[in-house]
A.B. asks: 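One structure is given below, represented as structure tokens, and several questions about it will come after.
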There are 4 protein chains.
Amino acid sequence: MSWKFDSVNPIFKQIVDELIIRIIKGDYKKGEKLASVRDLAVEAGVNPNTMQRALAEIELTGLVETKRGDGRYITEDSDIISKFKSEYTNKNAVQFLEKMKEFGFTKEEIIEYLEKIDI
Amino acid sequence: MSWKFDSVNPIFKQIVDELIIRIIKGDYKKGEKLASVRDLAVEAGVNPNTMQRALAEIELTGLVETKRGDGRYITEDSDIISKFKSEYTNKNAVQFLEKMKEFGFTKEEIIEYLEKIDI
Amino acid sequence: MSWKFDSVNPIFKQIVDELIIRIIKGDYKKGEKLASVRDLAVEAGVNPNTMQRALAEIELTGLVETKRGDGRYITEDSDIISKFKSEYTNKNAVQFLEKMKEFGFTKEEIIEYLEKIDI
Amino acid sequence: MSWKFDSVNPIFKQIVDELIIRIIKGDYKKGEKLASVRDLAVEAGVNPNTMQRALAEIELTGLVETKRGDGRYITEDSDIISKFKSEYTNKNAVQFLEKMKEFGFTKEEIIEYLEKIDI
DNA sequence: GTGGTCTAGACCACT
DNA sequence: GTGGTCTAGACCACC
């Protein structure tokens, strides 16, 4: 897996977002053990401290759990994952709709617009 | 008009975005004269330097023009405004679609999802 | 004001706790501006990064707010402070009672015991 | 008996505390033989090394004694147990009072407060 | 000037 | 070996 970072957002935050997406998408299975901080840092090409901070941050979401002196694991609780997924997608959709409405589009126009996009 | 700023994004950038939206929505008419930097700063409750930077930034878009010794005016060129509007909305839409696809949704599912949202 | 740290708990956590107590006790008034990260770090005899982390942590409580490029301020919202105070004291009291009950004391015995302590 | 560990304090320390409480409460009778390190480790769901360390630690208190080639026993000396109990409770009470005083409560207020708590 | 982030390298406690 | 903390020093964006 590859890591690319833009230069406007904090790296540690980009790592958090990327990890969340990977978990939600199922790239990381529930209960799976993560690589060590040092290894992940090497893989992502960042300082171990930066990776450490990202991992500490994602811990707050409940998606990842730490076992002291052992390692980090994706949560076994699939409820948390699915809840997180629906929250995340819903937030995206609502934000998008609100932004577009602010520009004067109706929902019908927005949907019509999306259908035209070739992606 | 009221100004509210979140604490994660740069204030000057939030001002730029807000101004762009107001112009696109037509709150500020084309050719209209803007208030002075100082007055705008007071209205928004920010440091004049910050407002100054926001205005300098938005000038680069062409939506606002400076007449030396006179003041700042919304552009008369409605092409720029409409072009900007379509660019902005298209960027939003594509970004939204890409994000959702990353989560495994098809375009049909996304549209169906949007139709359910009551907004 | 003096800072003393024990060697078992993380320094940044001790700083957070100390700051919370100072705010709750009223040593720092609401709306008051805090010294800069660097100055506080010197005062506490720790690395600026450590102080930075402590301040970032306490921000999550809502007791302190950051104004970008300006500085940090104790919240104006006295509700947050008083709510935090009652939560904190209640947590302490309940934890204490539960611990003592686990040892077989009744509430009457605990209170009697406290009255004897000369403090 | 069940074992639950929080993730902030060292597991071995949580085990020590739990064992002390069980002895003081009388769950483990004086002179009683403890299960083997391995069995205790299985029961608590921890690594044998961790249980080993916890037992070595609690040995220092005198509450548990090792008979070489035989096993570990709760001390026969009830003085040690009761002395430990009073030390432990006193420490708790004093720490609690000091914390609350730091928040501006008088001893009378603290006691009044405790009486209101329904536990 | 302010806060925020990142790297580098060290040390510690826990399993 | 693991995660967690701390120091040191640099650089950046923002006000």
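Side chains are part of it too, since the values below use all heavy atoms of this structure and drop only hydrogens, waters and symmetry mates. Residue numbers begin at 1 in each chain, while the letters A, B, ... track the order of the sequences.
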A.B. asks: B/Y73 ring centre to B/K67 NZ or CZ under 6.0 Å, with the angle to the axis within 45°?
C.D. replies: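 Yes, a cation-pi geometry.
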A.B. asks: Which part of the nucleic acid, if any, lies within reach of C/R38 when heavy atoms closer than 4.0 Å are counted: base, sugar-phosphate only, or nothing?
C.D. replies: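 If one applies the 4.0 Å heavy-atom cut-off, C/R38 turns out to touch a base.
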A.B. asks: Between B/P10 and A/A56, just flag the one whose closest nucleotide in DNA chain F comes earlier from the 5' side.
C.D. replies: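 Mapping each residue to its closest nucleotide by heavy atoms, the 5'-most match is A/A56.
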A.B. asks: Taking heavy atoms of chain A and a 4.0 Å limit, find me the 5'-most and 3'-most nucleotide of DNA chain F within that range.
C.D. replies: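 Contact boundaries, 5' end first: F/dG1 to F/dC6.
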A.B. asks: Any carboxylate oxygen within less than 4.0 angstrom of a Lys/Arg side-chain nitrogen, looking at B/R22 and B/E18?
C.D. replies: yes
A.B. asks: Tell me the partner of F/dT2, counting only Watson-Crick (N1-N3 plus N6-O4 or O6-N4) or G-U wobble (N1-O2 and O6-N3) with both under 3.5 Å; none if nothing fits.
C.D. replies: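 For F/dT2, the partner nucleotide comes out as E/dA13, under the 3.5 Å rule.
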A.B. asks: Assign A/D70 to base, sugar-phosphate, or nothing according to its heavy-atom contacts below 4.0 angstrom with the strands shown.
C.D. replies: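 The residue A/D70 makes sugar-phosphate contact but no base contact.
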A.B. asks: In whole angstroms, how far is the P atom of E/dT15 from the NZ atom of D/K13?
C.D. replies: 12 Å
A.B. asks: Please classify the nucleic acid contact of D/I11 as base, sugar-phosphate, or nothing, using heavy-atom distances under 4.0 Å.
C.D. replies: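 It contacts sugar-phosphate atoms only.
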A.B. asks: Which part of the nucleic acid, if any, lies within contact of C/R53, taking any heavy atom under 4.0 Å across all strands shown: a base, the sugar-phosphate backbone alone, or nothing?
C.D. replies: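 Sugar-phosphate: the residue C/R53, judged by heavy atoms under 4.0 Å, touches backbone atoms but no base.
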A.B. asks: State whether D/Y88 and D/K85 meet the cation-pi test: NZ (Lys) or CZ (Arg) under 6.0 Å from the six-membered ring centroid, and within 45° of the perpendicular axis.
C.D. replies: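 Output no; distance or angle outside limits.
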A.B. asks: Before accepting this row, confirm whether a basic side-chain N of the pair C/K13/C/E57 lies closer than 4.0 Å to the acidic partner's carboxylate O.
C.D. replies: no
A.B. asks: Between A/N47 and C/K67, just flag the one whose closest nucleotide in DNA chain E comes earlier from the 5' side.
C.D. replies: C/K67
A.B. asks: Take A/R68 and C/E59, find for each the nucleotide of DNA chain E with the closest heavy atom, and name the residue whose nucleotide sits nearer the 5' end.
C.D. replies: C/E59
A.B. asks: Looking at CG of C/L63 and CZ of C/F84, how far apart are the two atoms once the value is rounded to the nearest 0.5 Å?
C.D. replies: 5.0 Å
A.B. asks: Identify whether the distance between the nearest side-chain nitrogen and carboxylate oxygen of A/K33 and A/D70 falls below 4.0 Å.
C.D. replies: yes
A.B. asks: How many Å lie between CG on C/N9 and P on E/dC12, as a whole number?
C.D. replies: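 C/N9 atom CG is separated from E/dC12 atom P by 17 Å.
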